[in-house]
Amino acid sequence: MAFLLLRKSEEYQNQMTYLETEGYLQRKGVRGRIEHKNAELKNAHGMNRAKYRGQFGMQIQAYLTAFVVNVKRMIKLQGASI
C-alpha cells in the first residue's frame, strides 16, 4: 500500500486564502464582462489576426477596432434612451 503526502506551500495557502476574499470575488465578477468584450473584438471585429505588419500597424488596428466597438455601443445606448 502506498501513501501520498502532499505538502502545500505557503504560497499555495496564501493563494487559497485570497480566492475566498471579498476583493477577489468582486474582481472575478468584473472579469466576465471584460472577457466578453475581448471575445467580441476577436470574433466579430477581426482582432484574432493582425491586418498590418509590425507593432505600430497592430496598435492602429486595435485603436480603430476599439473605436468602432465603442461607437456601436454609444449608438445602441442612445437608441435605448430615446
Side-chain angles (χ1 to χ4, degrees):
M1 185 183 291
F3 292 97
L4 177 63
L5 297 176
L6 295 177
R7 258 184 64 189
K8 295 180 181 171
S9 70
E10 185 177 337
E11 289 179 21
Y12 176 80
Q13 293 294 343
N14 291 341
Q15 182 67 25
M16 291 298 109
T17 303
Y18 172 70
L19 292 179
E20 296 173 1
T21 63
E22 184 67 30
Y24 171 74
L25 295 175
Q26 288 176 348
R27 291 180 69 191
K28 184 178 172 184
V30 171
R31 182 176 178 167
R33 293 189 300 258
I34 294 170
E35 290 294 332
H36 179 74
K37 274 294 170 199
N38 288 340
E40 178 188 351
L41 288 169
K42 178 180 174 267
N43 296 326
H45 299 285
M47 288 298 294
N48 59 336
R49 174 173 271 231
K51 292 185 177 15
Y52 308 102
R53 290 184 159 208
Q55 184 176 3
F56 179 72
M58 188 60 206
Q59 285 177 334
I60 294 297
Q61 178 184 350
Y63 293 147
L64 291 175
T65 303
F67 176 76
V68 168
V69 169
N70 286 332
V71 168
K72 283 177 54 177
R73 183 166 187 251
M74 286 188 285
I75 291 170
K76 182 178 178 182
L77 291 173
Q78 184 69 24
S81 66
I82 293 177

Mind checking side-chain contact (heavy atoms from CB on, under 4.5 Å) for Thr17 and listing every partner two or more places apart, or none if nothing turns up? none
List, by chain and number, the other hydrophobic cluster members for Ile60, where Ile, Leu, Val, Met, Phe, Trp and Tyr join if side-chain heavy atoms come within less than 4.5 Å, directly or indirectly. Phe56, Leu64
Cut-off 3.5 Å, no hydrogens considered: what does the side-chain donor-acceptor table look like for residues 19-31, sequence neighbours left out?
residue: Thr21; atom: OG1; partner: Tyr18; partner atom: O; Å: 2.7
residue: Thr21; atom: OG1; partner: Tyr24; partner atom: N; Å: 3.3
residue: Arg27; atom: NH1; partner: Tyr18; partner atom: OH; Å: 3.2

Does one hydrophobic cluster hold both Val69 and Ile75, with members joined at side-chain heavy-atom distances below 4.5 Å? no
Kindly check if the number of other-residue, nucleotide or ligand heavy atoms within 6.0 Å of CD (Glu11) is above 12? no
Scan residues 49-70 for pairs that pass side-chain hydrogen bond (donor to acceptor under 3.5 Å, both in side chains), counting only residues two or more places apart or in two chains. none
Could you give the side-chain donor-acceptor pairs of residues 36-47 under 3.5 Å, partners two or more places apart or in another chain?
residue: Lys37; atom: NZ; partner: Glu40; partner atom: OE1; Å: 3.0
residue: Glu40; atom: OE2; partner: His45; partner atom: NE2; Å: 3.4
residue: Asn43; atom: ND2; partner: Ala39; partner atom: O; Å: 3.2
residue: His45; atom: NE2; partner: Lys72; partner atom: NZ; Å: 3.4

